[in-house]
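Computed from a prediction, not measured in an experiment: that's the story for all the values here. Quick note: residue numbers are just sequence positions, from 1.
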Amino acid sequence: MARLEVGQKAPDFSLDTLGGGKVSLSEELAKADNGVIVYFYPRAMTPGCTTQACDFRDSENSFKSAGYTVIGVSPDKVESLEKFTTKENLNFPLASDPSKEVLEAWGAYGEKKNYGRILRGVIRSTIVVAKDGTISHAFYNVKATGHVARIRRELGIDG
């Protein structure tokens, strides 16, 4: 599993979203003023993933004002994402990657340590893609709590 690095071209993707829709990186980049924030999380409606999603939800207006779009990606089925979006009142697209192809291409799926054991799974990660399609920031093995605040600081976005 190769991690993406700053300056590298981000792999495009097109994934299923709620209501039979699709979200693609290239289309979102075309609409965004400054770029797209793509974050990868293990599973909808778990405590850490809920904390992270709600942090993104609460910062969505600030990200939009600064010219960024947020997309969440997990291996969950669309039905689970619909329940999660409704339950937590999420205001950005969640994308379904059950094949894990996008997760793997972005370095967000592979070996990780969990309570001392090595296993394969989703590596909680956030990648910021600049308007030109290159990676401006890459964060891997992030903690759910406080991570969104760090991204805001790194991007110079104020409250």
K.L.:
Starting from the C-alpha separation in whole Å, work towards a yes-or-no answer on side chain to side chain contact (heavy atoms under 4.5 Å, CB included) for Ser74 and Leu81.
P.N.:
CA-CA 9 Å; Ser74 78; Leu81 300 179; 3.7 Å; yes
K.L.:
Within the distance-only criterion (no hydrogens, no angle test), does the side chain of Gln8 pair as donor or acceptor with the backbone N or O of Glu5 below 3.5 angstrom?
P.N.:
yes
K.L.:
Is the count of non-hydrogen atoms from other residues, nucleotides or ligands lying under 6.0 Å from Lys131 atom NZ greater than 12?
P.N.:
yes
K.L.:
Could you state the interatomic distance from OG (Ser65) to CG (Asn34), rounded to the nearest 0.5 Å?
P.N.:
11.5 Å
K.L.:
Hey, does Ile151 have a side-chain heavy atom less than 4.5 Å from the side chain of Tyr68?
P.N.:
no
K.L.:
Would you say that Ile37 contacts Thr126 through its side chain, given a criterion of any heavy-atom pair below 4.5 Å between the two side chains?
P.N.:
yes
K.L.:
Looking at Ser59 and Ser62, would you say the former's side chain and the latter's main chain have a donor-acceptor pair under 3.5 Å?
P.N.:
no
K.L.:
As an exercise, state the distance from OG of Ser80 to NZ of Lys87, rounded to the nearest 0.5 Å.
P.N.:
12.5 Å
K.L.:
With a 3.5 Å cut-off and no angle check, do the side chains of Asp12 and Ser26 form a donor-acceptor pair?
P.N.:
yes
K.L.:
Any heavy-atom pair between the side chains of Leu119 and Lys112 that's under 4.5 Å?
P.N.:
yes
K.L.:
Taking atom CZ of Arg3 and atom CD1 of Ile127, what is their separation to the nearest 0.5 Å?
P.N.:
9.0 Å
K.L.:
Restricting to non-hydrogen atoms, name the atom on Val73 and the atom on Leu15 that form the minimum distance, rounded to 0.1 Å.
P.N.:
CG1-CD1, 3.9 Å
K.L.:
Is Glu104 close to Ser99 at the side-chain level, that is, under 4.5 Å between some pair of heavy atoms?
P.N.:
no
K.L.:
If you compare all heavy atoms of Lys22 against all heavy atoms of Ser14, which two are closest, and at what distance to 0.1 Å?
P.N.:
CD-OG, 3.4 Å
K.L.:
Please report the shortest heavy-atom distance between Asp76 and Ala44, naming the atom on each side.
P.N.:
OD2-N, 2.7 Å
K.L.:
Ser96 and Lys77: which non-hydrogen atoms are nearest, and at how many Å?
P.N.:
OG-CA, 3.8 Å
K.L.:
Take atom CD in Glu154; do more than 12 heavy atoms of anything else shown fall under 6.0 Å from it?
P.N.:
yes
K.L.:
Does the side chain of Pro11 come within less than 4.5 Å of Leu4's, by heavy atoms?
P.N.:
yes
K.L.:
Angle between ring planes, Phe40 versus Trp106, binned at 30° and 60°: parallel, tilted or perpendicular?
P.N.:
tilted
K.L.:
Could you state the interatomic distance from CG (Asn61) to CG (Asn91), rounded to the nearest 0.5 Å?
P.N.:
6.5 Å
K.L.:
May I ask you to decide whether Glu60 forms a salt bridge with Arg57, counting only side-chain N to carboxylate O separations under 4.0 Å?
P.N.:
no
K.L.:
How long is the gap from OG1 on Thr134 to CG on Leu29, to the nearest 0.5 Å?
P.N.:
9.5 Å
K.L.:
Applying side chain to side chain contact (heavy atoms under 4.5 Å, CB included) to Phe92 and Val23, what does each step give before you reach the verdict?
P.N.:
CA-CA 11 Å; Phe92 55 88; Val23 65; over 6 Å; no
K.L.:
Please report the closest heavy-atom contact between Ala32 and Thr69, naming both atoms and the distance.
P.N.:
CB-OG1, 3.9 Å
K.L.:
Suppose we screen for salt bridge (charged side-chain N to carboxylate O under 4.0 Å, His left out). Which residues come up paired with Asp55, at least two apart in sequence or across chains?
P.N.:
none
K.L.:
Just say parallel, tilted or perpendicular for the rings of His147 and Phe139, cut-offs at 30° and 60°.
P.N.:
perpendicular
K.L.:
Could you go step by step and tell me if Leu90 and Phe56 meet the side chain to side chain contact (heavy atoms under 4.5 Å, CB included) rule?
P.N.:
CA-CA 8 Å; Leu90 301 179; Phe56 273 111; over 6 Å; no
K.L.:
Hydrophobic clustering (ILVMFWY, side-chain heavy atoms < 4.5 Å, transitive) - are Leu94 and Met45 grouped together?
P.N.:
yes
K.L.:
Can you tell me how far the NZ atom of Lys143 sits from the CD atom of Gln52, to the nearest 0.5 Å?
P.N.:
12.0 Å
K.L.:
For Arg43, does the CZ atom have more than 12 heavy-atom neighbours from other residues, nucleotides or ligands under 6.0 Å away?
P.N.:
no
K.L.:
Run the side chain to side chain contact (heavy atoms under 4.5 Å, CB included) test on Val148 and Tyr39 for me, step by step, so that the C-alpha distance in whole Å, both residues' side-chain angles and the decisive distance to 0.1 Å come before the verdict.
P.N.:
CA-CA 10 Å; Val148 173; Tyr39 84 96; over 6 Å; no
K.L.:
How far apart are the closest heavy atoms of Ala108 and Ser125, and which atoms are they?
P.N.:
CB-OG, 3.9 Å
